[in-house]
Structure formats: structure tokens, C-alpha cells
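Comments concern the structure below.
Counting from 1, the numbers follow the sequence of the chain as shown. Counting convention: from 1, in listed order, for ligands and their atoms alike. Side chains are part of it too, since the values below use all heavy atoms of this structure and drop only hydrogens, waters and symmetry mates.
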Amino acid sequence: MDERVHPEVRRIADEIDTMEIRGAATIADAVARALRTQAEESDAIDPGAFRGELRAAARTLYETRPTAVSLPNALRYVLRGMSSTTVEGLRQNVVESADEFCARLDRAQADLGHVGANRLRDGDVIMTHCHSTDALACVEAAVEQGKHIEAIVKETRPRNQGHITASELHEMGVPVTLIVDSAARRYLNDVDHVLVGADAVAADGSVINKIGTSGLAVNARDRGTPIMVAAQTLKLHPGTMTGHTVDIEMRDTDEVIDDETLAELGNPTVKNPAFDVTPPRYVDAIVTERGQFPPESIVILMRELFGEGTTEPWVEP
Ligand SMILES: O=P(O)(O)OC[C@H]1O[C@H](OP(=O)(O)O)[C@H](O)[C@@H]1O
């Protein structure tokens with residue numbers, strides 16, 4: 001571990017790794033705040049040392065989870081503001097960029113919620129997968145507009161983030177039916193929209209989200225149920241414009257089965273991918289704070305936002 005990295009940054013990195021801090025937008029908010037702390041608490045004596053510290057902190061955060069692109073996008077946003085030639089000026093740059101980033105994140109989610117709410121009609125039933133603050137922002141805005149929405153919530157093995165979704169929907173006054181993941185197809189006939197979030201959206205409009213999303217989308221398409229992805233522009237993956245693919249995180253097997261039960265089964269190999277890729281043809285709309293897009297046209301927005309490339313400010317020059 002790099003000694004220059006502040007203990008608070010390490011704590012946040014650990015909590016992202018163990019998923020106490022999870023969800024693409026929440027992770028982005030946490031890493032921006034972590035860089036802010038690193039800058040505020042830095043006792044670097046010259047600008048070079050300060051930049052090196054921030055780079056080391058960013059690298060520690062970057063290496064926690066590989067799939068949610070909101071994480072590197074947040075690091076880029078905060079670090080690109082470092083333009084001063086003095087330590088005090090650089091500190092100020094980072095604090096201001098981090099605050100601006102967190103405020104934009106909140107605003108983007110609220111704006112996205114209003115766009116998504118327009119797709120929902122009074123009396124609609126949605127089906128959710130995992131827990132997405134972007135997706136729930138759409139439901140919250142629809143409820144605030146006075147629409148009655150009901151939800152069928154998939155539990156989302158192995159970590160059961162569906163329980164968080166069920167509880168938050170209940171707090172909004174949305175009646176919830178909780179189902180096991182394998183019951184999704186059975187209930188799709190009762191559903192007006194599948195509504196999910198995203199950890200990353202690729203330039204071709206593919207949606208990278210919690211494992212099980214692609215199977216749900218294929219089944220929904222088969223039943224004619226529209227699939228709506230709520231993803232603020234922070235989830236757009238700039239690297240996919242230049243041919244990079246999105247790395248799918250493989251997590252520990254103990255999330256799936258405990259060691260004792262595994263031994264009783266003769267120690268089969270266990271695979272635990274956290275995410276999968278839903279091709280654009282199974283997605284009806286990607287809802288962002290900039291409006292809704294058919295997945296095939298999302299690259300136009302990406303070019304506008306990122307140009308043709310991005311930097312990796314956590315890499316040593
Ligand atoms: O940014 P928001 O919409 O909150 O979440 C986006 C996505 O993050 C989650 O991943 P994980 O639970 O961190 O593995 C889910 O896949 C969810 O759809």
C-alpha cells in the first residue's frame with residue numbers, strides 16, 4: 001500500500017471493494033469525496049508531491065472494482081481541474097472540482113428521474129433487477145407526479161440487492177411483490193416496463209449491468225415488454241469509443257456458497273460474475289439527464305461529452 005494515501009481514502013477503497021459502498025452513482029460520489037479528503041489533508045511541500053499523492057489516491061480507488069465506469073469518470077472529473085502552480089491552489093482546485101462533481105451528480109439524477117417518469121403511466125407495473133438509484137429516481141418522480149406505480153422486484157442473487165429496492169420502493173408508497181430471480185419470466189406478462197440501471201454503457205449501446213439483466217431483457221423482448229435503462233451520462237464508457245471492452249468483475253465464490261456446503265458438494269468450481277452485457281437490440285431506451293436515447297444513438301452523446309478520447313490521470317507520467 002502506498003504510504004502517501006490517506007487512511008480515509010483507504011477506508012473508502014476497502015468499503016467499495018467489499019461492497020459496503022456500492023451502486024455506480026454512490027461509488028462515484030464516494031471517490032470524489034475521497035479525493036477531496038486527500039487534497040484537504042495533504043501536507044505535500046511542493047506541487048509535484050501533491051500531484052503524486054492525488055495520483056496515488058486515485059490509483060488506490062481505481063483498483064477496487066473494474067466494471068462501473070462511473071468510478072474512473074469521477075476520478076477524471078476531479079483531477080482534470082488541477083491547473084494551479086502552487087500546493088494551496090491545487091488543493092483548492094480539487095476541493096472545488098469534487099464539490100462541483102457531487103452537486104452535478106445529484107442534479108443529473110433528479111433530471112434523469114423526470115425524463116424516466118415521463119415513460120411511466122398511471123397504473124403501470126414495473127419489474128426491477130438489483131438496486132439502482134438512477135432507476136428509482138424515475139419511479140420517485142413518477143410517484144411525485146401523482147402516478148400509481150406497482151413493482152415486481154427480483155431479489156437478485158447472490159447479494160440480494162433487490163431487498164434494498166423493495167424497501168426503498170415501500171418507503172415511496174409503491175406496492176411491492178418480491179420474487180426469486182428464476183420467476184421473472186412467469187411474471188413478465190403482468191409488467192408494463194422492465195426498469196434497470198447500468199454500471200456502464202458502451203459506444204454501441206450495449207448495457208453492462210448486474211448479472212441477470214441480459215436474460216431478463218431477452219425474456220422481456222420475447223414477451224413484448226419494453227426495457228428501459230436509467231443511466232446518467234456518468235455511466236457512458238469513453239474507452240469503448242476507441243475499441244476497448246468493458247472488464248466484467250468476477251467476485252468471490254463465498255458470495256454464492258459457504259465453504260462447508262461447497263465441500264459437501266464435492267468442491268465444484270463456482271463462478272460469480274457480477275455483471276453481464278445486454279446487446280442494444282434488447283433495450284428500448286436509455287434514459288439520461290440529457291433526455292432519452294435509443295441505444296444505437298448513444299455514441300453521438302458520447303462524442304459530444306468526451307471528444308474522441310480521455311486521459312488516465314491515475315497513471316504515473
Ligand atoms: O448508479 P446506480 O443507478 O445506483 O446503480 C447502478 C448499478 O450498480 C449496481 O451494481 P453493484 O450493486 O454496485 O454491483 C447495479 O448493477 C445497478 O444497476
Side-chain angles (χ1 to χ4, degrees), residues 12-32 61 64-74 77 101-102 104-113 115-117 126-141 151 153-169 172 181 184 193-202 206-217 227-237 246-252 255-256 272-278 283 286-289:
I12 290 172
D14 283 347
E15 289 190 1
I16 293 171
D17 190 45
T18 57
M19 291 182 66
E20 282 151 85
I21 296 173
R22 54 145 295 279
T26 308
I27 290 171
D29 184 79
V31 302
L61 295 160
T64 52
R65 293 188 72 193
T67 305
V69 73
S70 54
L71 197 168
N73 281 347
Y77 189 103
F101 177 81
C102 295
R104 280 183 69 149
L105 197 69
D106 288 347
R107 252 192 336 263
Q109 194 164 75
D111 291 348
L112 169 158
V115 176
I126 57 164
M127 182 178 283
T128 65
H129 184 60
C130 200
H131 169 258
S132 157
T133 56
D134 280 353
L136 290 185
C138 302
V139 183
E140 192 171 24
V153 171
K154 294 177 70 200
E155 60 180 356
T156 319
R157 280 271 291 151
R159 295 186 69 101
N160 291 323
Q161 289 101 321
H163 294 182
I164 308 170
T165 301
S167 151
E168 293 185 2
L169 286 170
M172 288 177 207
D181 295 313
H193 302 268
V194 167
L195 171 57
V196 296
D199 294 81
V201 176
S206 296
V207 172
I208 295 87
N209 193 48
K210 184 58 52 194
I211 190 78
T213 303
S214 64
L216 175 62
I227 303 125
M228 161 179 172
V229 174
Q232 46 181 303
T233 53
L234 183 68
K235 317 287 178 65
L236 303 180
H237 195 303
V246 180
D247 194 8
I248 300 292
E249 176 182 3
M250 300 297 290
R251 294 194 59 84
D252 282 350
E255 290 184 344
V256 177
N272 185 20
F275 303 102
D276 64 20
V277 181
T278 302
V283 175
I286 298 176
V287 172
T288 78
E289 75 277 18

task = May I ask you to identify the nearest protein heavy atom to atom 5 (O) of ligand 1, giving residue, atom name and distance to one decimal place in Å?
result = Ala24 N, 3.4 Å
key: Between Glu168 and His131, a side-chain donor and acceptor under 3.5 Å   = yes
task = Step by step, work out the side chain to side chain contact (heavy atoms under 4.5 Å, CB included) result for Leu216 and Val194.
result = CA-CA 8 Å; Leu216 175 62; Val194 167; 3.7 Å; yes
message = Can you tell me if Thr26 contacts ligand 1 (heavy atom of the residue under 4.0 Å from the ligand)?
response = no
message = Looking at ligand 1, would Arg65 count as a contact under a 4.0 Å heavy-atom criterion?
response = yes
query = Hey, which atoms in ligand 1 end up nearer than 4.0 Å to a heavy atom of Phe275?
reply = 10 (O), 14 (O), 16 (O)
request  = Under 4.0 Å, heavy atoms only, figure out whether ligand 1 is touched by the backbone of Arg159, its side chain, both or neither.
outcome  = neither
task = Find the distance between CZ (Arg104) and CD (Gln109) and round it off to the nearest 0.5 Å.
result = 14.5 Å
request  = Tell me, yes or no, whether the heavy-atom count around Arg251 atom CZ, taken from other residues, nucleotides or ligands under 6.0 Å, exceeds 12.
outcome  = yes
inquiry  = Checking a contact table here: which protein heavy atom is nearest atom 4 (O) of ligand 1, and how many Å away?
reply    = Thr133 OG1, 2.6 Å
Basic-acidic side-chain contact under 4.0 Å: Asp199, Lys210 = no
Taking atom 18 (O) of ligand 1 as the reference point, the nearest protein heavy atom with its distance = Asn209 OD1, 2.6 Å
inquiry  = Nearest 0.5 angstrom please: His129 NE2 to Thr165 OG1, how far?
reply    = 10.0 Å
query = So between Arg22, Glu249, Lys210, Lys235, whose heavy atom ends up nearest atom 14 (O) of ligand 1?
reply = Lys210
message = Heavy-atom contact check, 4.0 Å cutoff: does Cys130 meet ligand 1?
response = yes
message = What protein heavy atom lies closest to atom 6 (C) of ligand 1? Include the residue and the distance to one decimal.
response = Ala198 O, 3.4 Å
Arg159 bridged to Glu255 by N-O distance under 4.0 Å = yes
key: Closest protein heavy atom to atom 3 (O) of ligand 1, given as residue, atom name and distance to 0.1 Å   = Ser132 OG, 2.7 Å
inquiry  = Give me the nearest non-hydrogen protein atom to atom 1 (O) of ligand 1 as residue plus atom name, then the distance to 0.1 Å.
reply    = Ala25 N, 2.7 Å
key: Spacing of CD belonging to Glu249 relative to CD1 belonging to Ile211, to within rounding of 0.5 Å   = 11.5 Å
remark   = One should read off an interatomic distance between Met228 CE and Cys138 SG, to the nearest 0.5 angstrom, of 4.0 Å
message = Under a 4.0 angstrom heavy-atom cut-off, which atoms of ligand 1 come close to His131?
response = 5 (O), 15 (C), 17 (C)
ask   = At a 4.0 Å cut-off, with the gap strictly under it, does some heavy atom of His129 reach an atom of ligand 1?
value = no
ask   = Between Gly23 and ligand 1, is there a nitrogen or oxygen pair with a distance under 3.5 Å?
value = yes
Between CD on residue Gln161 and SG on residue Cys130, distance to nearest 0.5 Å = 3.5 Å
request  = In plain terms, say whether Glu20 and Arg22 are close enough for a salt bridge, that is, a side-chain N and a carboxylate O under 4.0 Å apart.
outcome  = no
inquiry  = For atom 10 (O) of ligand 1, what is the closest protein heavy atom, and at what distance to 0.1 Å?
reply    = Asp199 OD2, 3.1 Å
inquiry  = Please report whether ligand 1 has a polar contact with Ile27, defined as an N or O pair separated by less than 3.5 Å (distance criterion only).
reply    = no
